[in-house]
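Below: the structure, in structure tokens.
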Amino acid sequence: MERSSSTAAETENDLNNENMESIEKIFESKKVPPWQKQLTFRAFVVSFILGILFTFIVMKLNLTTGIIPSLNVSAGLLGFFFVKMWTKFLDKSGLLKQPFTRQENTVIQTCVVATSGIAFSGGFGSYLFGMSEVIAKQSNETNFAQNMKNPSLGWMIGFLFVVSFLGLFSVVPLRKIMIIDFKLIYPSGTATAHLINSFHTPQGAKLARKQVRTLGKFFSMSFLWGFFQWFFTGGDNCGFASFPTLGLKAYENKFFFDFSATYVGVGMICPYLINVSLLVGAILSWGIMWPLINEKKGDWYSADLRSSSLHGLQGYRVFIGIAMILGDGLYNFVKVLGFTLHGLYHQFNENKTKGDPLTGNSSADLPSLSYDDQKRTRLFLKDQIPTWIAIVGYLTIAVVSVITLPHIFHQLKWYYIAAIYVFAPVLAFCNAYGCGLTDWSLASTYGKLAIFVIGAWAGGSNGGVLAGLAACGVMMNIVSTASDLTQDFKTGYMTLASPRSMFVSQVIGTAMGCVISPCVFWLFYNAFDNFGVPGSQYPAPYALIYRNMAILGVEGFSTLPDKCLMLCYIFFAFAIVLNGIRELVGANWARFIPIPMAMAIPFYIGGYFAIDMCVGSLILFIWSKVNKAKAAAFGPAVASGLICGDGIWTLPSSILALAGVNPPICMKFLSRSTNIKVDAFLGA
């Protein structure tokens with residue numbers, strides 16, 4: 001499961017071109033409020049509302065395909081809209097005491113993304129749900145009962161509160177090094193800052209209002225489309241989501257357009273190469289490989305197995321997909337680590353003449369900086385967060401975790417957790433630094449590393465599968481929140497938001513996410529039938545993948561079907577080689593070569609969502625050819641409206657399901673021969 005940075009770098013370039021003049025001179029007449037006044041009550045009310053909205057969206061994406069686009073632009077835009085409405089009303093009433101500033105807008109964006117980010121790092125579609133009985137029954141493993149823990153609201157909230165804050169404290173002492181000394185780019189954070197700055201200029205505010213109207217229009221259309229579709233889903237495989245648009249044979253092999261507004265919107269946000277890579281992966285797997293392997297039924301695997309058995313065709317789908325994900329993850333881990341070490345080597349060499357960058361005062365170099373950077377650096381260094389707070393906070397939470405987590409997961413011994421916390425700050429720094437260079441967070445890769453290390457350490461007879469999954473959760477939360485906070489520091493640096501307000505906003509957003517995300521997951525878990533089962537509305541494919549990674553780490557390769565290990569080796573190597581070729585040919589040619597991680601996702605899920613996303617790409621491509629400026633300005637708003645409307649429809653549909661209100665119609669598609677048999681049966 002990966003979080004796409006979408007077109008942040010492209011947005012950044014466009015905004016840079018538009019803002020060649022000094023940004024801070026435009027805002028020179030506006031006083032920067034102290035950090036306490038950047039943290040307003042209205043900002044956190046709006047953040048709470050938007051946090052719930054985005055948590056539903058991320059949760060739905062998590063539980064269907066695991067592809068999550070960057071929602072920073074949507075969060076910034078909607079935050080601007082809601083507070084502008086609030087302040088406009090108060091201004092007309094004569095009650096407005098504090099104007100809406102770009103610093104407050106940054107606080108809202110930070111808080112919303114931190115809240116919804118827990119829906120990803122919390123593992124509700126991966127490691128956490130992978131512990132459940134639903135997923136365990138789909139795997140073939142020994143010590144079944146010992147490696148199982150069903151979801152419960154109490155322990156999920158407790159677990160997230162214990163593990164989600166550590167990453168924040170681990171990078172606080174390094175904020176100056178990352179932002180001022182090393183001048184890391186953080187493309188998504190920079191693009192978001194440019195966007196927020198533009199909202200608060202007169203021309204930008206006018207465009208933002210138009211973008212919000214567009215978003216609202218497509219939000220309404222998407223919500224009503226979801227509501228309309230619901231009436232036709234009164235049974236299994238019913239409704240527009242099961243429409244065999246490319247024929248029944250293609251439908252059997254997961255090739256169809258399922259009329260999902262969410263994935264059309266996601267396709268408009270994700271780069272073209274991601275969407276094409278997904279489609280190539282779907283064609284390679286469901287169009288070529290699985291039909292060929294299916295011909296070996298009775299030879300490579302028993303013909304009597306259930307379709308969901310991992311000893312049969314399902315095993316090839318899952319484990320070959322895992323091999324590609326691990327190959328891609330290993331390559332990118334080594335690549336980003338290499339960039340990190342190379343960058344650090346050069347940074348420390350450059351700073352030898354200036355003194356140690358860990359202790360040197362960058363303000364001495366201010367005269368050599370531009371006007372914008374001088375002003376930003378002074379304000380960034382003004383509101384320091386004392387290092388002792390970070391150290392005491394980290395150690396306190398670490399001690400609480402070491403004591404608490406073994407009571408939640410008795411298989412996860414205290415010394416496993418202590419070992420993770422010894423190495424976690426280094427890994428959090430590597431992830432935050434690598435993210436600053438490449439805009440690519442490797443949180444899930446570090447999580448997989450923890451699965452194998454802790455799972456093998458615990459052993460199969462001591463609940464190694466569950467220990468590995470729990471360790472994955474600890475590691476993912478640390479490194480994910482660390483890179484998120486440094487992105488936010490970069491955004492705050494460029495909008496003159498105080499590091500203190502950024503940190504407090506991230507802490508409050510994380511705390512809200514620790515409650516909102518489990519509650520939203522609990523609603524999904526209880527509302528929908530066959531939750532987590534392949535072929536259902538919410539199959540949670542990555543939950544099974546993460547569990548099987550843990551099984552591999554504990555039990556080895558003995559559980560794989562015949563020839564599966566050989567194919568896994570081939571596709572593991574294929575992912576590394578393909579990434580290497582992409583690196584060698586350069587950026588111009590690499591944009592025509594598929595990305596292995598994206599190719600691997602449809603191996604298990606199917607190609608239907610890839611078709612949806614390619615439709616989104618096609619819409620944006622044609623729109624860009626007709627009117628490039630309008631497509632660039634309003635494309636993200638249209639995409640966000642489609643995603644948000646369909647995503648928020650899951651709330652009323654969940655409530656209807658819990659209340660026992662079922663759709664009145666089942667719209668199903670049959671072949672002519674099957675239809676004749678059904679008619680004959682009904683006529684009899």
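FYI, the numbering just counts along the sequence from 1. Quick caveat, the model's predicted, so the values are computed rather than measured.
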Could you check whether [Y] and [X], counting side-chain N and O atoms only, form a donor-acceptor pair closer than 3.5 Å?
{"X": "Thr64", "Y": "Tyr263", "answer": "yes"}
{"X": "Thr486", "Y": "Ser483", "answer": "no"}
{"X": "Ser132", "Y": "Asn150", "answer": "no"}

So, taking the atom named CE in Met268 and the one named CD1 in Ile619, what distance separates them when rounded to the nearest 0.5 Å?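 These two atoms lie 6.0 Å from each other.
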Could Asp646 and Lys60 be called an ion pair, given the rule that one side-chain N must be under 4.0 Å from one carboxylate O?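 Looking at Asp646 and Lys60, the cut-off is met.
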Please determine whether a side-chain nitrogen of the Lys or Arg among Lys335 and Glu583 lies less than 4.0 Å from a carboxylate oxygen of the Asp or Glu.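 Counted as a salt bridge, because a side-chain N and a carboxylate O are separated by less than 4.0 Å.
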Please state whether the rings of [X] and [Y] are parallel, tilted or perpendicular, taking 30° and 60° as the class boundaries.
{"X": "Phe524", "Y": "Tyr538", "answer": "perpendicular"}
{"X": "Tyr301", "Y": "Tyr316", "answer": "tilted"}
{"X": "Tyr546", "Y": "Tyr127", "answer": "tilted"}

Going by salt bridge (charged side-chain N to carboxylate O under 4.0 Å, His left out), name the residues that satisfy it together with Asp328, two or more places apart in sequence or in a different chain.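 Here no residue qualifies.
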Residue pair Trp290, Phe603: steps toward the ring-ring contact (aromatic ring centres under 6.0 Å, His included) verdict: CA-CA 9 Å; Trp290 306 156; Phe603 272 48; 5.7 Å; yes
Side chain to side chain contact (heavy atoms under 4.5 Å, CB included), that's the test. Do Leu326 and Met549 meet it? Break it down for me. CA-CA 10 Å; Leu326 291 177; Met549 284 183 191; 4.3 Å; yes
Would you please indicate if the ring centroids of Phe129 and Phe531 are separated by under 6.0 Å?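 They qualify: ring centres under 6.0 Å apart.
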